[in-house]
Amino acid sequence: MVIRGGLVVDINGERKADVRVEVGKVTEVGTKLRGDREIDASGCVVSPGLVDMHVHLREPGMEEAETIETGSRAAALGGFTAVIAMPNTEPPQDDPIIISAVKARAQTALCDVYPAGAITKQREGLELAPMGEMHSLGVRIFTDDGACVASAGVMRSALQYARSLPGAIVAQHAEDETLATGHMHEGEWSSRLGIPGRPAEAEEIIVARDCILAAQTGTPVHFLHLSTAGSVAIVRAAKAQGIPVTAEAAPHHFTFTDESCATFDPLFKVNPPLRTKDDVAAVKAGLADGTIDVIASDHAPHPTETKERTFEEASPGMLGLETALALGISELVDAGVMTLTELLALMSWSPARLSGLADHGATIEKGVTANLCVIDPNLEWVLDPANLASRAQNTPMGGRKLKGKNRHTILRGEVVVLDGQATR
Ligand code: DOR
């Protein structure tokens, strides 16, 4: 099979080239290649497959919202060849049995699915989960995501323990729950709307605390979905001092502001919440200058009945896998914040490196595993939530004009998405 006529982009830059793929590997990169099967990439960018470090696939336990099959289909359609599945399942991914079960279910997924392990048993923040046993099964990302590890003592123990686990990263959902008691960003709009808030300092206090713990233990801390200007400044200062911290930002945090909640539409409810214009500008600046290392969707499917409630009662979270790339192209590339190659770094090779996934985000050259996506950066489209592969439809992007779409996805040499359609 030959992927023909595209612009090949990877960590080494860009060149016009065709890519030959045989038995799961890239076997040749050159010009005028021909093959029995040819995949059209004209006008498109051929990139290492995208990698999403933060998705909720809801299986086991919440299959009415998503399954590994439907979520991985959404991922493949979005251009992703690998995702890290968050542990807030039911039961939670907090022991080797659940991790093994998720891995087994993921064998037939349309992208590689790597379960994250919980830091604490039941994600309750009290007692460490068997992180070592989960690490033996290949788990590298540990997080209680959806909940913050509130206790500094427990967080320090987790970091001290993780130091003995090669490649392990402890990822924090940074929100102090004694401050983040409301439902949207605390500020002018929450006051106007009368919705209790979640202040910026709820996030920043934990980010600051965990930078101190990362410095003290030497274990890397990754901050999930960074959303405030203050958090970006704290991470920037910590990195300047050589403290081993990394961070991600979600597309909704560089696209929407708290003003979006003015219609009381629960589709805009998410934790951490949508912030102010200044926060959005700071997140974009953090992505541009390397303070924020990766873009991750925080794809959070919820059944319609738990979203069609009052703003205060609705579940937090929104879908992201099928719109992440387009929001990156519209809000970052077209807005002049960064180049398309820099966006792909944030969505492919940087998260692959950070998560320790050698088979993803690799330089496109002879011998590497063929995990690739072919993106049309100029295609304009309108999102219809009914057409999404996810089982849930909770996206606020319905009816929105988007630019840039994944066209083909190749997973270990198999074309799992062709011309925007899943092949199985
Ligand atoms: O809005 C959110 N939804 N934030 C989280 O951290 C968890 C997620 C979910 O699981 O629905």
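As the structure lists them, so they are numbered: ligands from 1, and atoms in each ligand from 1.
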Exercise. Looking at ligand 1, does any of its N/O atoms fall within less than 3.5 Å of an N/O of G317?
Worked result: yes
Exercise. With a cut-off of 4.0 Å, which atoms of ligand 1 are near a heavy atom of G146?
Worked result: 6 (O), 7 (C)
Seminar exercise, completed: V270 heavy atoms within 4.0 Å reach ligand 1 at atoms 1 (O)
Exercise. Is the distance between the ring centroids of H56 and H299 less than 6.0 Å?
Worked result: no
Problem set entry | L327 side chain reached by R400 side chain, heavy atoms, under 4.5 Å | yes
For this session: Among all protein heavy atoms, pick the one closest to atom 10 (O) of ligand 1 and tell me residue, atom and distance.
Result: N88 ND2, 2.8 Å
Problem set entry | For H173, atoms of ligand 1 separated by under 4.0 Å from a heavy atom | 5 (C), 6 (O)
For this session: For atom 9 (C) of ligand 1, find the nearest protein heavy atom and state the residue, atom name and distance (0.1 Å precision).
Result: R58 NH2, 3.3 Å
Problem set entry | Heavy-atom pair of closest approach, residues L354 and I169 | O-CD1, 3.2 Å
Exercise. Do any nitrogen or oxygen atoms of P272 lie less than 3.5 angstrom from nitrogen or oxygen atoms of ligand 1?
Worked result: no
Exercise. Looking at atom 8 (C) of ligand 1, what's its closest protein heavy atom, distance included?
Worked result: H56 NE2, 3.8 Å
Problem set entry | Atom indices of ligand 1 within 4.0 angstrom of H225 heavy atoms, with elements | 6 (O)
